[in-house]
Structure formats: structure tokens, C-alpha cells
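First the proteins, then the strands, lettered A, B, ... as listed; each starts at 1.
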Amino acid sequence: MSSALLTDLRARGLIFQAAGEEQLPEWLDGGVRTLYCGFDPTADSLHIGSLVPLLMLRRFQLAGHRPLALVGGATGLIGDPSFKAQERQLNTPEVIAGWVDKIRQQVSRFVDFDAGEASAIVVNNLDWTRDMDVLTFLRDVGKHFSVNAMIQKESVKQRIEREGSGISFTEFTYMILQSYDFAELSKRYGCGLQIGGSDQWGNITGGIDLARRMYGNQVYGLTMPLITKADGTKFGKTESGTVWLDPVRTSPYAFYQFWLNTADVDVYRFLKYFTFLPVAEIDVLERADEQRQGRPEAQSVLAREVTRLVHGNEGLVAAQRITEALFSDNLSTLSAADFEQLRLDGLPASELPEAASMPATLTQLLTEAGMAPSGKQVKDALARNAVLCNGRPLGWGDNEQPAAVLTPDNALHGRYFVVRLGKKKYHLFYGKAA
RNA sequence: GGAGGGGUUCCCGAGUGGCCAAAGGGAUCAGACUGUAAAUCUGACGCGAAAGCUUCGGUGGUUCGAAUCCACCCCCCUCCA
């Protein structure tokens with residue numbers, strides 16, 4: 001364990017802001033330190049936005065420190081206003097409790113619970129806030145906060161100043177709750193460092209102040225940069241929405257594809273953020289790619305590493321199997337068993353209706369299968385020969401006779417159709433087994 | 001409680017009686033070019049195969065005709081008490 005960790009984190013561009021920067025290296029070098037990062041249940045799964053902090057916990061653990069993963073059973077009931085443009089809708093306590101369970105399991109996959117002194121712990125802030133009464137909260141905790149200072153925080157400024165949106169007292173209080181978490185963890189576990197995304201800076205510094213005021217504990221804070229893409233679009237979204245960590249929401253295949261599609265300008269930075277590959281190795285890869293003609297190798301390394309981290313080796317193999325089958329034009333070499341496997345691996349698939357109950361149009365069939373949000377898009381694609389069925393282009397003329405197109409004669413192994421829309425959207429249709 | 005401002009299609013934002021399924025930009029989707037990139041160009045972009053159907057906070061009304069006018073209601077913001 002050593003502040004060599006900090007050097008590596010800096011080289012990766014993972015440190016955005018630090019509170020107590022002068023003493024931090026020394027503190028880290030002084031023994032097994034305890035740190036925490038919070039994850040609020042805002043859905044039943046985390047998405048890749050939480051990946052950097054999750055991996056960060058692991059980086060610290062690998063460096064010999066003890067990570068606490070906090071699941072925000074309490075803060076999730078309130079909602080963090082930080083840099084949010086609008087007040088959020090409250091969810092019921094029952095719903096949140098369900099999400100807490102899911103997130104606890106998810107978070108647990110990224111840290112090691114059997115690492116001696118550095119063994120991870122999952123905590124829930126509901127445990128120390130549930131039974132606190134209002135007056136205690138206001139007198140013992142609230143008294144340490146200056147509203148004057150709170151409204152100055154950049155994270156809530158736009159909500160306070162901007163016309164068209166306000167902030168409820170409930171959300172405004174969030175900062176105090178999270179600050180209290182840090183103070184409490186410093187007391188309970190000797191936790192001396194909180195990490196989080198750059199949007200958490202205000203909440204983290206609030207906690208640092210509170211820990212000192214309530215318990216005289218000197219604690220530290222680190223934030224990680226917001227992950228951005230060079231083209232300015234939001235990181236973590238695909239055409240089908242958010243990229244989730246839960247394989248049920250985002251299949252390992254889709255997850256793998258997401259990373260594979262990383263832009264060249266972003267990929268080396270992402271390798272540093274999202275993998276444990278040494279920086280030197282990433283630099284070598286970058287130089288090698290510069291020499292190469294055509295497609296760089298970095299994307300496939302990134303996709304492989306991150307998919308393995310999140311979905312394990314099995315998930316990775318499944319993702320690669322589908323990718324290989326679809327993007328190498330060798331559909332005809334696949335066996336019936338292979339198709340079944342692709343289905344199990346998470347290739348989007350649906351059962352084909354009987355010829356008698358077949359939808360009247362292909363646009364309808366493909367839309368219902370979720371390949372496109374509206375028939376218009378399918379229509380557009382058909383008109384441009386961008387819809388392929390088992391490799392054969394379909395045209396606008398085929399639209400009104402799906403039953404004539406999707407016949408057993410045209411199927412692979414009598415019942416499989418791989419329909420491709422555009423360059424990357426694939427869907428497996430399967431008929432009844434013979 | 002008082003005064004004022006505002007709610008338009010995914011987002012921003014025009015439109016203030018017919019020419020409006022609603023300008024423009026962004027996002028998104030598809031094509032060309034490529035490397036399942038980037039940049040650029042092209043097309044699509046409420047729903048529908050089409051005929052046609054449904055939109056401009058809500059409900060009623062005026063009118064041959066409403067996103068646009070009227071009434072009431074709901075929500076948001078600003079200032080004052």
C-alpha cells in the first residue's frame with residue numbers, strides 16, 4: 001500500500017478534485033485505510049455511470065485499503081439534487097427497499113469480501129438515519145450547516161438561481177444527509193476518505209466539515225471526472241437507451257457492443273478509466289494502433305476487459321460468440337444448436353407467429369420485435385435496402401407479404417431468420433420447432 | 001394571500017384564427033464514404049402499408065375553421081406579504 005496508487009490514478013486521469021491533497025499520500029501510506037463511496041438506488045440496477053467509482057473502490061482495495069460500499073437506502077428516499085435540472089419524483093419506501101437489495105448485490109461483485117483487513121463491507125445509510133427523530137437531526141446535525149454556505153454550492157446553484165425550476169426543502173436537505181453519512185462512517189469504521197463523481201464534490205466537502213465538527217475527525221475526499229465523449233454527446237447511452245450493469249436490462253452482448261463502438265478519440269482514455277491494464281501497456285497499444293492501417297485494436301481490448309469485469313468470463317464469451325457470428329457473415333455455417341445458443345446468450349430474439357397470424361406488414365413485425373421504434377424507420381430502411389434477412393436484402397415490395405418472405409424455404413435449418421436492420425441491429429426470429 | 005410571467009411534437013425553441021403535423025437547432029434512425037469509427041453529404045424524424053387517425057397542460061365554449069380567441073381548472077417560476 002502506498003501513495004503510488006495516487007500516482008497511478010493521476011496518470012489515468014481519474015482524479016478530478018482532492019480535499020486534503022497535501023496530507024492524503026502520507027495518510028494512505030500509513031496503513032490500511034478505510035474509504036467509502038455511496039450508490040443511491042434510483043433504479044433496480046446501476047448503469048455504467050457508476051462503473052468508475054465502483055472500479056475505484058477496487059483500485060483502492062487492490063492497493064491494500066478497505067472499501068465500504070454504501071447503498072443509499074436513506075438518501076435514495078430523498079433524491080440528490082446535485083446538478084439535476086429538476087426536482088425528482090419520490091418513489092415509495094417499498095420500491096426503494098427492493099432496489100436497495102438489487103444494488104447491494106450488484107455492488108458486491110466489484111469488491112472482495114475476503115481480503116483480510118482490507119475486506120470490503122456493504123453498508124446502508126438507512127441503518128443510522130431510520131431511527132433518528134427530527135429534533136435530534138435539526139439540533140445535532142443541522143446546526144452545523146450554514147444555509148448561506150449551502151445555497152452557494154455550485155451543485156444546487158442552478159436550482160436556486162435558474163428560472164423555471166426550484167428546489168424543495170427535501171432535496172435541499174440531501175447534502176446534510178450525505179454529510180452525516182461520512183461523519184457517521186468516520187466514527188463507526190474510522191472511514192477517512194470518500195470518493196465520488198465530480199458532481200459529489202459539494203456533498204463530500206460537506207461531510208468533511210461535519211466529521212470534523214461533530215467528532216473532530218480529519219477526513220479526505222476525492223472526486224473522479226465526469227466521463228465525457230469527444231463529440232459532446234452523453235456518455236453511457238445507446239440507441240436503445242441507458243447501458244445498465246444488470247445483464248437482464250443490458251445483455252452482455254449489447255454491453256460488449258457498446259464498448260466496441262467507442263470512438264477512436266475516446267478509447268485510450270476509456271481504457272485508463274475502465275480497465276486495470278497498466279497505463280504503460282495502454283500507451284503501447286495506442287502507439288501500435290497509430291501504425292496500423294484501418295481499424296484500431298483498442299476498442300476490442302476495451303470491450304473485452306470491461307465486459308469481463310462486469311459480466312465475468314462467461315458473459316464475455318457469450319458476447320464474443322454472438323459478435324463473431326453476426327459480424328463475420330458466416331451465418332450459414334452456424335448449426336441449429338448454435339442459433340439456440342445465440343438466443344440464450346442474449347441475442348434479441350422472438351418467436352415467429354404462424355403464417356396464418358402473421359402481421360400484415362414487415363414494418364409491423366419488426367417494430368413489434370423492437371427493432372425500430374416506428375414503422376417509418378423500417379419503411380425508410382426497406383426503401384434503402386437496409387433490411388437483410390439471412391443476408392438477403394429485402395425491398396419495399398416485400399413489406400406487405402411477410403409470410404412470403406419468412407418461409408421455411410428461406411429459413412436456416414428450417415426455422416431461423418436473422419434479420420438485420422441497418423448496420424448493427426440484429427434480431428433472431430425463430431419458427432416453431434419442426 | 002397579492003402582482004406578474006409561463007406550460008408547444010424526445011430536448012431547446014418559433015408560431016398568436018385558416019397556407020400548421022406545426023419554422024429552426026440539437027438528439028435520434030437510415031443511406032453514401034469507411035473500420036460495426038470520426039468528419040462530411042443525403043434522406044427520415046406524431047401514429048399508420050395505405051386510406052386515414054391523433055397532437056400544442058386539462059375541461060368546456062366561441063367559430064365554417066383554434067396551438068392561436070373566451071371561461072374555469074391544474075402545474076411551474078419570479079417578486080411582494
Take atom [atom1] of [X] and atom [atom2] of [N], then tell me their distance rounded to the nearest Å.
X	N	atom1	atom2	value
A/Phe270	B/rA37	CZ	P	17 Å
A/Phe235	B/rA27	CZ	C1'	18 Å
A/Leu362	B/rA30	CG	P	17 Å
A/Glu368	B/rG48	CD	P	10 Å
A/Leu394	B/rA49	CG	C1'	15 Å
A/Tyr268	B/rA38	OH	P	15 Å
A/Met371	B/rC29	CE	P	14 Å
A/Lys423	B/rU36	NZ	C1'	8 Å

Touch check for [X], heavy atoms < 4.0 angstrom, all strands: base, sugar-phosphate only, or nothing?
X	result
A/Pro296	base
A/Thr361	base
A/Ala263	sugar-phosphate

Position toward the 5' end of RNA chain B (nearest nucleotide), A/Gln364 or A/Arg420: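 This one resolves to A/Arg420.
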Residue mapping more 5' on RNA chain B - nearest nucleotide basis, A/Ala386 or A/Gly375: A/Ala386
Quote, to the nearest angstrom, the [atom1] distance that separates [N] from [M].
N	M	atom1	result
B/rU54	B/rG46	C1'	8 Å
B/rC11	B/rU42	P	27 Å
B/rC10	B/rG2	P	35 Å
B/rA32	B/rA37	C1'	15 Å
B/rC19	B/rC56	P	16 Å
B/rA23	B/rG43	P	16 Å
B/rA71	B/rA66	C1'	15 Å
B/rC72	B/rC80	C1'	26 Å

N or O in side chain of [X] less than 4.0 angstrom from [N] OP1/OP2:
X	N	value
A/Lys379	B/rC47	no
A/Lys425	B/rA30	yes
A/Lys229	B/rA38	no

Parallel, tilted or perpendicular: ring planes of A/Tyr426 versus A/Phe327, cut at 30 and 60 degrees: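 Because their plane-to-plane angle is over 60°, the rings of A/Tyr426 and A/Phe327 count as perpendicular.
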Parallel, tilted or perpendicular, as decided by the 30° and 60° cut-offs, for the rings of A/Phe274 and A/Phe270: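 Perpendicular: the ring planes of A/Phe270 and A/Phe274 meet at over 60°.
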Selected nucleotide, minimal atom distance to A/Asn399 side chain, candidates B/rA49, B/rU34, B/rA30: B/rA49
Candidate nucleotides B/rC29, B/rU36, B/rC47, ranked by approach to the side chain of A/Gln377 - the nearest: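 Per side-chain heavy atoms of A/Gln377, the pick is B/rC29.
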Quick one: [atom1] on [X] to [atom2] on [Y], what's the gap to the nearest 0.5 Å?
X	Y	atom1	atom2	value
A/Ile96	A/Leu77	CD1	CG	4.5 Å
A/Leu210	A/Gln178	CG	CD	11.5 Å
A/Met175	A/Ser155	CE	OG	5.0 Å
A/Ile167	A/Ile151	CD1	CD1	11.0 Å

Step-by-step side-chain contact (heavy atoms from CB on, under 4.5 Å) determination, A/Leu51 to A/Tyr273: CA-CA 9 Å; A/Leu51 207 47; A/Tyr273 291 157; over 6 Å; no
Could you tell me which nucleotide pairs with [N] by Watson-Crick or G-U wobble geometry, both distances under 3.5 Å, or answer none if nothing does?
N	value
B/rU34	none
B/rG4	B/rC77
B/rA39	none
B/rA67	none
B/rC45	none
B/rA14	none

Under 3.5 Å donor-acceptor, A/Asp266 side chain and A/Lys229 backbone: no
Presence of donor-acceptor pair under 3.5 Å, side chain of A/Asp264 and base of B/rG35: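 Under the 3.5 Å cut-off, the side chain and the base do form a donor-acceptor pair.
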Centroid separation A/Phe417 to A/Tyr430 less than 6.0 Å: no
Carboxylate-amine/guanidinium contact A/Lys376 A/Asp380, below 4.0 Å: no
Interface with RNA chain B, restricted to residues 251-260 of chain A and to heavy atoms under 4.0 Å: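 Output list: A/Gln257, A/Leu260.
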Positions of residues 316-328 of chain A (non-hydrogen atom under 4.0 Å from RNA chain B), listed by number: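 Residues of residues 316-328 of chain A that come under 4.0 Å of RNA chain B are, in numerical order, A/Thr323, A/Phe327.
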Heavy-atom pair of closest approach, residues A/Pro296 and A/Gln299: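 Reported closest heavy-atom pair: CG-OE1, 3.7 Å.
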Among A/Asn125, A/Asn203, A/Asp80, A/Thr129, side chain to side chain donor-acceptor pair (under 3.5 Å) partner for A/Thr75: A/Asn125
